[in-house]
Amino acid sequence: MKKILLVPLSLILLLSGSLWSGSQKSHVNAQNAETPQAQNTNTGEISNSDLTENNQISTSIQEVYADVNAEYSWAKDPSFSKNLIQDNTSIVKIKTLCVNDAEFLVGTTDPRGDNRPYTPILVEISETLYGDKLQGKVTLYQSGGKVLIRDAIKHLPPEKSQKMGLNELTAQEQGSMYLHFGNEETDYDLIENHDYVVMVNRSKENLYGIASGGYGVFEAADGKNYKNVITGNPLEF
């Protein structure tokens with residue numbers, strides 16, 4: 001594998017109030033990297049083998065060409081769950097079944113859909129704690145994730161792809177390497193076959209997005225109490 005040199009990417013995305021992530025502004029940029037390597041999104045370690053329900057090798061063992069990082073400013077402190085509640089918010093107990101590659105939600109009412117990918121996560125909802133009742137198997141969407149370069153190129157401005165050197169990659173490389181879209185503050189990768197409580201917002205197309213990345217994800221602390229996976233703060237609503 002040849003050595004790959006990246007040219008910094010700087011994309012400015014001005015966002016209005018997002019249905020899924022609250023009111024925030026964002027800009028994203030690709031970090032410099034000389035020798036990309038396969039990473040596990042939770043540990044940073046090279047993974048062994050991981051199969052989805054479709055028997056496809058998980059992207060956790062695929063090569064990441066570059067990280068595209070987003071930085072947010074918040075209208076309200078997202079570390080307190082009450083600040084994330086909107087009119088379309090539900091809080092549900094789930095078990096994750098399958099985490100898939102991220103995709104761009106083109107044409108949806110979420111203002112970031114055309115510019116930033118979301119990771120579809122198949123879950124089983126066992127109970128609704130707050131808001132409109134949801135149950136059964138539902139696909140939730142979480143901001144960010146890994147996208148094949150050949151797919152990401154379709155959504156990045158041509159000059160940005162050029163600066164990153166994406167157009168210089170072979171068709172095989174574009175079809176096997178990934179761009180990782182994320183944010184160090186809010187990222188949390190849900191684990192398959194794990195129980196969580198999540199805050200989700202419903203779009204006009206009846207798509208359900210996890211609110212504000214890891215700030216909208218909670219695990220059981222004791223009994224009926226739940227703590228946030230990033231801050232450790234209790235779930236309050």
Side-chain angles (χ1 to χ4, degrees), residues 18-22 39-45 47-61 77-86 88-103 105 117-146 180-203 206-237:
S18 168
L19 287 176
W20 291 352
S21 301
Q39 295 181 357
N40 181 292
T41 54
N42 285 314
T43 65
E45 300 293 334
S47 180
N48 291 324
S49 179
D50 186 13
L51 298 181
T52 67
E53 286 191 344
N54 296 323
N55 292 324
Q56 295 178 341
I57 299 177
S58 167
T59 58
S60 63
I61 64 172
D77 186 348
S79 64
F80 296 100
S81 56
K82 286 184 177 181
N83 291 338
L84 301 180
I85 294 178
Q86 303 178 33
N88 58 344
T89 299
S90 294
I91 301 176
V92 294
K93 289 184 178 181
I94 67 168
K95 176 180 287 292
T96 54
L97 302 178
C98 183
V99 180
N100 295 293
D101 286 354
E103 59 188 56
L105 304 180
Y118 284 80
T119 297
I121 305 169
L122 180 64
V123 305
E124 181 82 35
I125 297 177
S126 59
E127 183 179 352
T128 299
L129 303 178
Y130 175 91
D132 293 339
K133 184 176 181 179
L134 303 175
Q135 62 182 8
K137 290 184 178 181
V138 176
T139 296
L140 304 181
Y141 291 87
Q142 187 175 39
S143 179
K146 292 179 180 178
H180 178 261
F181 294 76
N183 174 269
E184 292 183 356
E185 176 189 357
T186 64
D187 276 359
Y188 180 82
D189 297 321
L190 273 68
I191 302 170
E192 291 184 357
N193 299 313
H194 197 77
D195 295 321
Y196 298 98
V197 169
V198 295
M199 305 179 71
V200 298
N201 296 329
R202 176 175 52 83
S203 74
N206 289 322
L207 299 178
Y208 293 91
I210 298 175
S212 304
Y215 287 127
V217 181
F218 300 80
E219 292 182 309
D222 57 84
K224 294 184 177 181
N225 297 315
Y226 302 92
K227 63 179 181 179
N228 184 261
V229 294
I230 293 179
T231 66
N233 290 342
L235 171 62
E236 298 178 335
F237 52 90

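Side-chain atoms are counted along with the backbone in the values below, which use heavy atoms only and exclude waters and symmetry mates.
With 3.5 Å as the limit, one finds a donor-acceptor pair spanning the side chains of Thr89 and Asn201.
Closest of all the heavy-atom pairs between Ile230 and Asp187 is CD1-O, 4.3 Å. Heavy-atom minimum distance, Met199 versus Ile85: CE-CG1, 3.6 Å. Smallest separation of non-hydrogen atoms from Gly145 and Thr119: CA-OG1, 3.4 Å. Of all the heavy atoms in Tyr188 and Gln142, the pair that sits closest is O-NE2, 2.9 Å. Among all heavy-atom pairs drawn from Gly131 and Ser90, the shortest one is C-OG, 3.8 Å. Across Ala220 and Tyr226, no two heavy atoms sit closer than the pair CA-CD2, 3.6 Å.
For Thr128 (side chain) and Leu134 (main-chain N/O), a donor-acceptor pair under 3.5 Å exists by modelled atom type. Between the side chain of Ser203 and the main chain of Leu207, a donor-acceptor pair closer than 3.5 Å is present.
One finds the OH atom of Tyr208 at 11.5 Å from the OG1 atom of Thr139 (value rounded to the nearest 0.5 Å). To the nearest 0.5 Å, the span separating CG on Leu140 from OG1 on Thr96 amounts to 10.0 Å. Here the straight-line distance linking atom OH of Tyr130 with atom CG of Leu235 works out to 11.0 Å at 0.5 Å rounding. Rounded to the nearest 0.5 Å, atoms NZ (Lys224) and CG (Leu129) are 10.0 Å apart. Interatomic distance, Glu219 CD to Lys227 NZ, rounded to the nearest 0.5 Å: 7.0 Å. Atom CD1 in Ile210 sits 11.5 Å away from atom OG1 in Thr186 (nearest 0.5 Å).
Annotation: side chain of Asn100 is not in contact with side chain of Ile121 (no heavy-atom distance under 4.5 Å). Between Lys137 and Leu122 the shortest side-chain heavy-atom distance falls below 4.5 Å. Contact check for Ile91 versus Val198: no side-chain heavy atoms found under the 4.5 Å cut-off. Side-chain contact between Lys95 and Tyr196 is absent, with no heavy-atom pair separated by less than 4.5 Å.
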Practice task
Could you give me the CA-CA distance, side-chain angles and deciding distance for Ile94 and Glu124, then say whether side-chain contact (heavy atoms from CB on, under 4.5 Å) is met?
Solution key: CA-CA 5 Å; Ile94 67 168; Glu124 181 82 35; over 6 Å; no
Practice task
Determine, stepwise, if the pair Tyr118 / Phe181 fulfils side-chain contact (heavy atoms from CB on, under 4.5 Å).
Solution key: CA-CA 9 Å; Tyr118 284 80; Phe181 294 76; over 6 Å; no
Exercise for the section: Carefully, step by step, assess Ser81 and Phe218 under the rule side-chain contact (heavy atoms from CB on, under 4.5 Å). Expected result: CA-CA 10 Å; Ser81 56; Phe218 300 80; 3.8 Å; yes
Exercise for the section: Could you please spell out the steps behind the side-chain contact (heavy atoms from CB on, under 4.5 Å) verdict for Cys98 and Glu192? Expected result: CA-CA 6 Å; Cys98 183; Glu192 291 184 357; 4.3 Å; yes
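Checked against Tyr215 for a side-chain contact (heavy atoms from CB on, under 4.5 Å), the options Asn83, Asp77, Thr231 give a single hit: Thr231.
A salt bridge links Asp132 to Arg202: one of the charged nitrogens lies within less than 4.0 Å of a carboxylate oxygen.
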